[in-house]
Amino acid sequence: MRYYVMSDLHSCLTPFREALSSSGFYDDAQPHKLIILGDYFDRGPEAPELSDFLCSLIDAGNTILLRGNHEDLMLDMLDFMEDNAGTNAVFYSHYARNGTLKTVLTLTGASERDVIDDAPGVTAKMRQTDLVKKIIPATVDYYETARYVFVHGWIPCARANEELGCLPPSFDDWRNASPDDWFAARWMDYLSGLKYDANPTGKTIVCGHRSTRYGHAQLDGNDDPSVIYTPFRREGLIAVDGTVVRSNVINCVILEDDDL
């Protein structure tokens, strides 16, 4: 099976479709699947168009959607907005800083005034969108093939000293980790995974979430603009997120492997 792997679309449909075309995805006559490693919305300009396109991919049946931390942010923010109705708290929250509020405004047509005056109405409308009703429910925590484990941030890891601000080192039964552990793992990144050697899978972890520029610049010392947004590879690791809102490019990594 051939896998076309992308990540962190962040409401950018045009470079996503360009990556599909340039990678040969549409013309591939061999058995193939598309794997998207999460973070479909927030920050970019094409949320409604991307929503429609993702729904068409879901309906076609050959796309695997992983859940990213921005999908968690969306669900959390809707609860936060309802709990803080009548205030402007959401405008000063990490939901606004991460672009999640922008997605709500774009997909619902609501204004900032609407959020203050009628947060329950805005959230109710958002809960009826394809993003909340169809796309997020279609996501999974991980996908595994014979030689690869696909995740958004990292696999679940044992909780450690809070001062570390990360989740070293891993535990063996990651597949059966709790929803809370998977939630935390979506915020962990490959830099911490490498630092703490937190990969008990015996396979290569393919992930998004943290920009490839951190690997190239911090680990390789290479800050060449033509390199930093390309996929970053180490033994046991392929990082995919090319920071589309800065680079205007979505990486597509093509892998051949046996399905399980």
Side-chain angles (χ1 to χ4, degrees), residues 5-20 34-55 57 63 65-81 88-112 114-115 122-123 125-127 129-132 134-136 138-139 151-154 183 186-191 207-217 225 228-232 239-252:
V5 187
M6 304 183 191
S7 188
D8 294 78
L9 309 182
H10 285 297
S11 298
C12 295
L13 175 62
T14 300
F16 176 38
R17 298 191 71 165
E18 289 172 352
L20 287 171
L34 173 63
I35 301 177
I36 311 177
L37 305 177
D39 281 9
Y40 306 95
F41 293 88
D42 305 347
R43 299 178 179 159
E46 300 174 292
E49 298 85 353
L50 178 62
S51 179
D52 291 341
F53 189 65
L54 287 173
C55 287
L57 292 176
T63 300
L65 303 179
L66 273 66
R67 181 168 295 200
N69 62 299
H70 277 257
E71 285 66 69
D72 295 330
L73 279 172
M74 175 58 70
L75 298 181
D76 287 350
M77 189 191 70
L78 296 179
D79 292 337
F80 180 88
M81 288 173 61
N88 62 358
V90 71
F91 297 103
Y92 299 95
S93 68
H94 66 290
Y95 306 112
R97 291 192 296 273
N98 278 288
T100 312
L101 178 60
K102 175 183 177 181
T103 299
V104 169
L105 299 179
T106 303
L107 292 182
T108 64
S111 67
E112 293 185 354
D114 293 332
V115 171
V122 174
T123 58
K125 189 173 183 179
M126 187 64 204
R127 292 185 194 278
T129 62
D130 284 332
L131 169 55
V132 177
K134 184 171 184 175
I135 297 170
I136 293 179
T139 61
V151 293
H152 177 65
W154 203 253
F183 179 94
R186 288 190 280 273
W187 287 91
M188 187 174 174
D189 61 49
Y190 66 88
L191 296 179
C207 61
H209 182 54
R210 174 66 71 174
S211 174
T212 60
R213 67 189 176 96
Y214 288 97
H216 289 299
I228 57 175
Y229 294 121
T230 62
F232 178 75
V240 179
D241 176 17
T243 321
V244 62
V245 292
R246 292 188 181 185
S247 67
N248 201 37
V249 172
I250 291 176
N251 291 317
C252 181

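We use all heavy atoms of the structure for the numbers below, so side chains are in, but hydrogens, waters and symmetry mates are not.
- Inter-residue side-chain proximity for Cys207 and Val151 is flagged as met; some heavy-atom pair is nearer than 4.5 Å.
- Counting only distance, with no hydrogens or angles, the side chain of Thr108 and the backbone of Met126 share no donor-acceptor pair below 3.5 Å.
- Shortest non-hydrogen contact noted between Leu13 and Glu49 is CD2-CB, 3.6 Å.
- Residues Asp241 and His209 fail the side-chain proximity criterion, which asks for heavy atoms closer than 4.5 Å.
- Distance alone, capped at 3.5 Å, is enough to place a donor-acceptor pair between the His216 side chain and the Thr230 backbone.
- The minimum heavy-atom distance between Pro45 and Cys12, with the atom names listed, is CD-SG, 4.0 Å.
- For the pair Val115 and Val104, the minimum side-chain heavy-atom distance is 4.5 Å or more.
- Checking side-chain atoms of Asn251 against main-chain N and O of Tyr229 turns up a donor-acceptor pair under 3.5 Å.
- Between Tyr95 and Phe80, the ring planes are tilted. Angles from 30° to 60° get that label.
- The distance from atom CD1 of Ile250 to atom OG1 of Thr243, rounded to the nearest 0.5 Å, is 11.0 Å.
- Within the 4.5 Å cutoff, no side-chain heavy atoms of Leu65 are placed close to those of Glu71.
- Screening residues 35-44 for side chain to side chain donor-acceptor pair (under 3.5 Å) gives Asp39-His152, Asp42-His70, Asp42-Thr100, Asp42-Thr103, Arg43-Asn98 as the qualifying pairs, with residues at least two apart or on separate chains.
- Put simply, CG on Leu73 and CG on Leu78 are 11.0 Å apart, with the number rounded to the nearest 0.5 Å.
- At least one side-chain heavy atom of Leu20 sits under 4.5 Å from a side-chain heavy atom of Met6.
- Between Lys134 and Cys55, the closest heavy-atom pair is CD-SG, 3.7 Å.
- Tyr214 has its side chain out of reach of Asp189: every pair of non-hydrogen atoms, C-beta onward, lies at least 4.5 Å apart.
- The two residues Tyr190 and Gly215 have their closest heavy-atom pair at OH-N, 2.9 Å.
- Side-chain atoms of Ser51 do not come within 3.5 Å of backbone N or O of Pro48 as any donor-acceptor pair.
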*Show your working on side-chain contact (heavy atoms from CB on, under 4.5 Å) between Phe41 and Ile135 and close with a plain yes or no.*
CA-CA 11 Å; Phe41 293 88; Ile135 297 170; 4.1 Å; yes
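- Checked against side chain to side chain donor-acceptor pair (under 3.5 Å), Asp114 has the following partners two or more places apart in sequence or in another chain: Ser111.
- You'll find the side chain of Glu112 stays beyond 4.5 Å of the side chain of Leu101, heavy atoms only.
- Rounding to the nearest 0.5 angstrom, the gap separating the CG atom in Leu107 from the OG atom in Ser11 is 7.5 Å.
- Under a cut-off of 6.0 angstrom, the local environment of CZ in Arg127 is crowded, with over 12 non-hydrogen atoms contributed by other residues, nucleotides or ligands.
- At a threshold of 4.5 Å between non-hydrogen side-chain atoms, the residues Leu37 and Val5 count as touching.
- From Asp52, atom CG reaches atom CG of Asp130 across 7.0 Å, with rounding to the nearest 0.5 Å.
- Here the shortest heavy-atom pairing between Gly242 and Ser247 reads O-OG, 2.8 Å.
- Distance alone, capped at 3.5 Å, places no donor-acceptor pair between the Arg210 side chain and the Gly153 backbone.
- Without hydrogens or angle criteria, Thr212 side chain to Ile228 main chain gives a donor-acceptor distance under 3.5 Å.
- The structure places CG of Asp79 at 10.5 Å from CE of Met81, a figure rounded to the nearest 0.5 Å.
- Electrostatic pairing of Asp8 and Arg186 does not count as a salt bridge here, judged by no charged N lying under 4.0 Å from a carboxylate O.
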*side-chain contact (heavy atoms from CB on, under 4.5 Å) between Ile35 and Leu66, intermediate numbers included*: CA-CA 8 Å; Ile35 301 177; Leu66 273 66; 4.0 Å; yes
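- Under the 6.0 Å distance and 45° angle rule, Arg17 counts as a cation-pi partner of Phe53.
- Interatomic distance, OG of Ser211 versus CG of Leu191, reported as 9.5 Å (0.5 Å rounding).
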